[in-house]
Amino acid sequence: MKLKDGIVTNSIDGESFAVATGKAAKSFNGLIKNNPTAAYIFELLKTEQTEDSIVAAMLKKYDADEAVIRADVQELITLLKSKNLIED
């Protein structure tokens, strides 16, 4: 899975955002403000990923329990799929 074409991420004054542009804006018209963890996942999703590859990358970056990380990753992926922002 990865972010759909047209999902653009940026950081302004230390705040991370994602916005849909072009064709992607037809299915999602809004702005997503990301915390640092979500911003990292968005960066990972710019290339093809699996849930397991995201969890593995998160485990390397953060000192947290795998079950907690996996639950957070699943929650964000579910949200992104519901908003039609990622393709399988």
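Please read all numbers here as calculations on a predicted model, not as lab measurements.
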Could you grab the distance from atom NZ of Lys83 to atom CG of Asn29, nearest 0.5 Å is fine? 12.0 Å

Check for me, please, whether Met58 and Leu79 land in the same ILVMFWY cluster - side-chain distances under 4.5 Å, paths through other members count. yes

Just wondering, do Leu76 and Leu80 contact through their side chains at under 4.5 Å, heavy atoms? yes

Considering all heavy atoms, the nearest Gly30-Val19 contact: O-CG2, 3.5 Å

Are Thr47 and Gln49 linked by a side-chain donor-acceptor pair shorter than 3.5 Å? yes

From Glu48 atom CD to Leu3 atom CG, the distance as rounded to the nearest 0.5 Å: 10.5 Å

Consider only side-chain heavy atoms of I, L, V, M, F, W and Y, link residues closer than 4.5 Å, and tell whether Tyr40 and Ile32 are in one cluster. yes

Side-chain heavy atoms of Asp72 within contact of Val68, under 4.5 Å: yes

Do the charged groups of Asp52 and Arg70 touch, with an N to O distance under 4.0 Å? yes

Given 3.5 Å as the limit, does a donor-acceptor pair link the side chain of Glu87 with the main chain of Lys2, or not? no

Side chain proximity check, Lys4 to Asn84, heavy atoms < 4.5 angstrom: yes

Can you tell if the side chain of Thr37 reaches within under 4.5 Å of the side chain of Tyr62, non-hydrogen atoms only? yes

Phe42 vs Asn34, side chain to side chain contact (heavy atoms under 4.5 Å, CB included): CA-CA, chis, key distance, verdict: CA-CA 9 Å; Phe42 265 78; Asn34 290 317; 3.5 Å; yes

Side chains of Ile86 and Ile77 in contact at under 4.5 Å (non-hydrogen atoms): yes

Answer yes or no: are there more than 12 heavy-atom neighbours, outside Asn35 itself, under 6.0 Å from its atom CG? yes

Between the CG atom in Leu44 and the OG atom in Ser53, the distance rounded to the nearest 0.5 Å is 7.5 Å

Shared hydrophobic cluster, Ile7 / Leu31 (ILVMFWY, side-chain heavy atoms < 4.5 Å): no

Non-hydrogen side-chain atoms of Leu45 and Ile54 separated by less than 4.5 Å: yes

Sorted by chain and residue number, the side-chain hydrogen bond (donor to acceptor under 3.5 Å, both in side chains) partners of Glu43 (sequence neighbours excluded) come out as Thr9, Lys46

Which pair of heavy atoms, one from Glu51 and one from Met1, lies closest together, and at what distance? N-CE, 3.5 Å

